[in-house]
Amino acid sequence: MLATTAMLLALAVLPATAQETGGVLKILGSGDIDHFDPASVGVVTSNNFIRATQRTLVGYDSSLDPAEGVAPKADLAVELPQPGDDGLTYTFTLRDGAAWDIKGTPRPIVAADVERGIKRMCNPVLGSSFLTYFVSLIEGMDTFCDGFAKVEPTAEAMKAYVEGTDITGIETPDDRTVTFRLKEKAGDFIYMLSLPSAAPAPVEILDFIPDSPDFRKNFMASGPYTVADYVPDSTLKLKRNPAWTAESDPLRKAYVDEIELTFGLQPDAAIQQIQAGDADMLYDILVPPALLPMLQATGDDKLVAISVGRTSFIFVNTAADNNNGALKDVKVRQALNYAIDKAAIVQQMGGSYVAAPQNGIFGPGVVGYHDFDLYPSADHKGDPAKAKALLVEAGFPDGIKLKMPFRNINDEPAIAQTIQASMKKAGIELELIPVSAADYYSKYMTNQETTKTGAWDIAPVSWSPDWVGGAARSVFQPQFTFDGRHQTYNYTDYNNDAANAKAAEAINAADAAQAGKLWAEVDELVMGDAPVIPFISQNVVVYHSDAVKNFLPYALGANGDWSNLWLER
């Protein structure tokens with residue numbers, strides 16, 4: 001899940017000198033938005049939708065300056081508070097003028113809305129992929145969530161529980177004051193409050209099942225835009241939110257009048273429409289590697305590479321019994337790590353402008369990232385002989401057959417074929433299963449029944465840290481910890497007690513250097529178990545039309561900020 005360090009790596013895009021208000025921003029995508037409900041948003045691209053439609057206590061400026069773009073800023077809060085009680089409490093004051101759009105009628109955002117948003121994270125219908133962070137930190141939230149898990153999953157029952165049960169670590173003494181009490185010091189707590197799951201929620205939204213069709217039909221916005229029309233997997237139109245005022249919002253200017261997303265496009269077709277001026281931006285589509293040399297050679301300043309700390313892994317399914325439980329054996333998982341040709345994937349993706357070989361769970365720019373490789377090979381090209389030897393030791397002298405689904409989007413089919421070719425050299429035969437982008441995570445990766453019954457053996461996924469800099473917790477906790485509740489992005493409920501203990505030390509470390517050392521140890525402990533096969537760290541390469549001005553990277557969305565650009569047509 002992303003969030004993300006946004007850094008402009010390519011040609012600088014200079015802001016226009018004259019700001020223009022109005023027009024329709026046209027955005028093209030392959031797959032639909034994963035969730036409208038901020039409590040459940042878990043995909044980086046959906047953060048752009050949340051940026052435009054929802055307010056959070058903490059946010060970020062969109063900026064060409066890397067340092068400026070990753071520094072937390074007050075959004076709904078008047079200012080970012082200093083922690084009290086030896087680092088255990090944070091008290092926020094809400095801005096005047098921030099309001100909900102409740103069926104066209106403005107209503108002020110109040111402190112109870114902030115607490116309600118936090119409560120909704122652990123609803124029993126569709127929880128938050130970020131839940132682990134908050135449950136482990138906010139006093140009493142674990143008890144609240146344990147109780148919520150037992151509630152009948154109807155709108156009426158869930159509303160009664162939310163409104164009738166408190167989280168002891170959240171206090172709302174008046175409409176403008178919210179205090180959080182933590183179980184332990186956490187220097188990254190401020191960053192967590194920028195996540196979409198921490199967005200406030202109006203009481204009226206509890207009348208609908210989370211992210212259900214009724215929820216989407218009755219969408220309630222607090223940002224500058226709200227939903228005007230939606231056809232699943234086809235189009236999403238946003239219009240101005242009449243309840244929003246520029247005076248109440250320090251982070252969004254909202255120059256364009258409308259935002260129109262069209263889904264179902266292929267990359268080449270989307271790029272052609274943008275070059276022709278028929279569309280303006282890309283949503284979840286990346287610039288195809290085949291087009292990069294031409295765009296770079298012509299010095300096209302509409303081509304932008306953004307470093308988001310994104311890494312790509314192949315998750316290994318240790319929950320299923322396929323091949324007599326072969327993947328439960330660490331030697332088989334280590335063989336997979338030796339077999340993969342990372343250099344070939346880098347070249348397939350367009351070279352070093354786009355990607356670099358990756359060996360651990362933390363990507364460049366995350367505190368804890370360091371240069372190590374427990375499964376080395378010459379020039380990162382893989383070591384088939386070592387992989388075969390480990391398979392023999394594990395009882396598979398004739399190799400092994402595995403099923404690997406992949407998202408049928410961008411260059412992922414070609415990457416899947418490259419992975420298949422390198423594995424074959426080591427005696428590992430992959431059956432490739434193409435899956436639509438919209439279905440990949442919901443029907444395969446986050447569906448525990450699909451995982452346990454062995455519908456997949458290994459599967460490539462990408463991950464971006466959910467915030468910036470000291471973001472190791474946001475890589476480790478969602479994917480590599482297990483506390484008895486299935487976490488959405490810990491696909492096989494992997495757990496390592498030693499790594500968990502070391503991570504706890506890192507979270508409470510006195511300074512960044514010590515935290516980095518401890519997180520580095522966590523990385524090596526996890527990779528010793530080989531629950532994943534890291535293969536690249538990746539920049540996001542995006543493109544926009546000539547009409548787009550003030551294209552400033554928004555950190556959490558890994559793209560230009562819809563709410564701060566304007567159009568010249």
Side-chain angles (χ1 to χ4, degrees), residues 3-4 6-29 33 44-55 59-66 68-70 73 75 221 223-228 236-241 244-246 249-262 265 270-271 273-287 295 300-308 540-569:
T4 48
M7 180 184 298
L8 195 62
L9 298 179
L11 306 163
V13 184
L14 299 177
T17 55
Q19 302 164 0
E20 295 193 7
T21 300
V24 179
L25 176 66
K26 298 179 179 180
I27 302 172
L28 304 180
I33 289 174
V44 171
T45 49
S46 296
N47 288 337
N48 295 296
F49 169 72
I50 297 300
R51 169 73 161 188
T53 61
Q54 302 292 333
R55 303 282 299 276
Y60 301 96
D61 277 326
S62 51
S63 178
L64 291 171
D65 180 343
E68 182 70 14
V70 302
K73 299 291 176 65
D75 184 353
Y225 301 97
T226 190
V227 174
L236 170 63
K237 296 181 181 180
L238 306 180
K239 63 181 180 180
R240 289 192 180 277
N241 174 6
W244 177 84
T245 62
D249 193 335
L251 302 181
R252 305 162 185 82
K253 300 300 183 184
Y255 295 113
V256 300
D257 285 338
E258 299 176 23
I259 301 172
E260 183 177 301
L261 288 87
T262 302
L265 277 293
I271 296 293
Q273 287 194 39
I274 289 175
Q275 289 179 321
D278 296 328
D280 300 305
M281 288 178 61
L282 302 172
Y283 175 60
D284 60 348
I285 294 172
L286 305 182
V287 176
L295 295 173
D300 194 328
D301 63 2
K302 300 184 294 298
L303 180 72
V304 181
I306 304 173
S307 173
V308 297
V540 173
V541 182
V542 295
Y543 195 66
H544 62 84
S545 72
D546 283 320
V548 173
K549 307 301 176 185
N550 205 44
F551 186 92
L552 303 175
Y554 168 56
L556 289 180
N559 209 329
D561 186 354
W562 306 352
S563 65
N564 277 310
L565 57 80
W566 61 84
L567 301 171
E568 287 184 0
R569 298 203 191 277

How long is the span from the [atom1] atom in [X] to the [atom2] atom in [Y], to the nearest 0.5 Å?
{"X": "Asp280", "Y": "Lys549", "atom1": "CG", "atom2": "NZ", "result": "11.0 Å"}
{"X": "Leu552", "Y": "Leu565", "atom1": "CG", "atom2": "CG", "result": "8.0 Å"}
{"X": "Leu236", "Y": "Ile27", "atom1": "CG", "atom2": "CD1", "result": "9.0 Å"}
{"X": "Ile271", "Y": "Leu303", "atom1": "CD1", "atom2": "CG", "result": "8.5 Å"}
{"X": "Leu265", "Y": "Gln273", "atom1": "CG", "atom2": "CD", "result": "5.5 Å"}
{"X": "Leu261", "Y": "Leu282", "atom1": "CG", "atom2": "CG", "result": "11.0 Å"}

Close side-chain approach of [X] and [Y], heavy atoms under 4.5 Å:
{"X": "Val227", "Y": "Leu238", "value": "yes"}
{"X": "Lys237", "Y": "Val24", "value": "no"}
{"X": "Tyr255", "Y": "Gln19", "value": "yes"}
{"X": "Asp61", "Y": "Leu251", "value": "yes"}
{"X": "Leu25", "Y": "Met281", "value": "yes"}

Quiz item: Residues in salt bridge (Lys or Arg N to Asp or Glu O under 4.0 Å) with Arg252, at least two apart?
Solution: Asp75, Asp249
Quiz item: Would Lys26 and Asp278 pass as an ion pair if we require N to O under 4.0 Å?
Solution: no
If you take all heavy atoms of [X] and [Y], which pair is closest and at what distance?
{"X": "Arg51", "Y": "Tyr60", "value": "NH1-O, 2.9 Å"}
{"X": "Phe551", "Y": "Gly560", "value": "CZ-N, 3.4 Å"}
{"X": "Ala279", "Y": "Ser545", "value": "O-CB, 3.4 Å"}

Looking at [Y], is its backbone amide N or carbonyl O close enough to the side chain of [X] to form a donor-acceptor pair, meaning the two atoms are under 3.5 Å apart?
{"X": "Arg240", "Y": "Val256", "answer": "yes"}
{"X": "Tyr543", "Y": "Ala270", "answer": "no"}
{"X": "Asn241", "Y": "Gly223", "answer": "yes"}

Quiz item: Can you name the one residue among Asn559, Asn550, Asn564 that meets side-chain hydrogen bond (donor to acceptor under 3.5 Å, both in side chains) with Ser62?
Solution: Asn564
Practice problem: Begin from the C-alpha positions of Lys302 and Ile274 and carry the test side-chain contact (heavy atoms from CB on, under 4.5 Å) through to its verdict. | Solution: CA-CA 10 Å; Lys302 300 184 294 298; Ile274 289 175; 6.0 Å; no
Self-check item: From CA spacing to verdict: side-chain hydrogen bond (donor to acceptor under 3.5 Å, both in side chains), Asn48, Tyr283
Solution: CA-CA 9 Å; Asn48 295 296; Tyr283 175 60; over 6 Å; no
Quiz item: Just wondering, are more than 12 heavy atoms of other shown residues or ligands nearer than 6.0 Å to NZ in Lys73?
Solution: yes
Practice problem: Apply the test side-chain contact (heavy atoms from CB on, under 4.5 Å) to residues Val542 and Val304: give CA-CA distance (whole Å), side-chain angles for both, the deciding distance (0.1 Å), then the verdict. | Solution: CA-CA 5 Å; Val542 295; Val304 181; 4.0 Å; yes
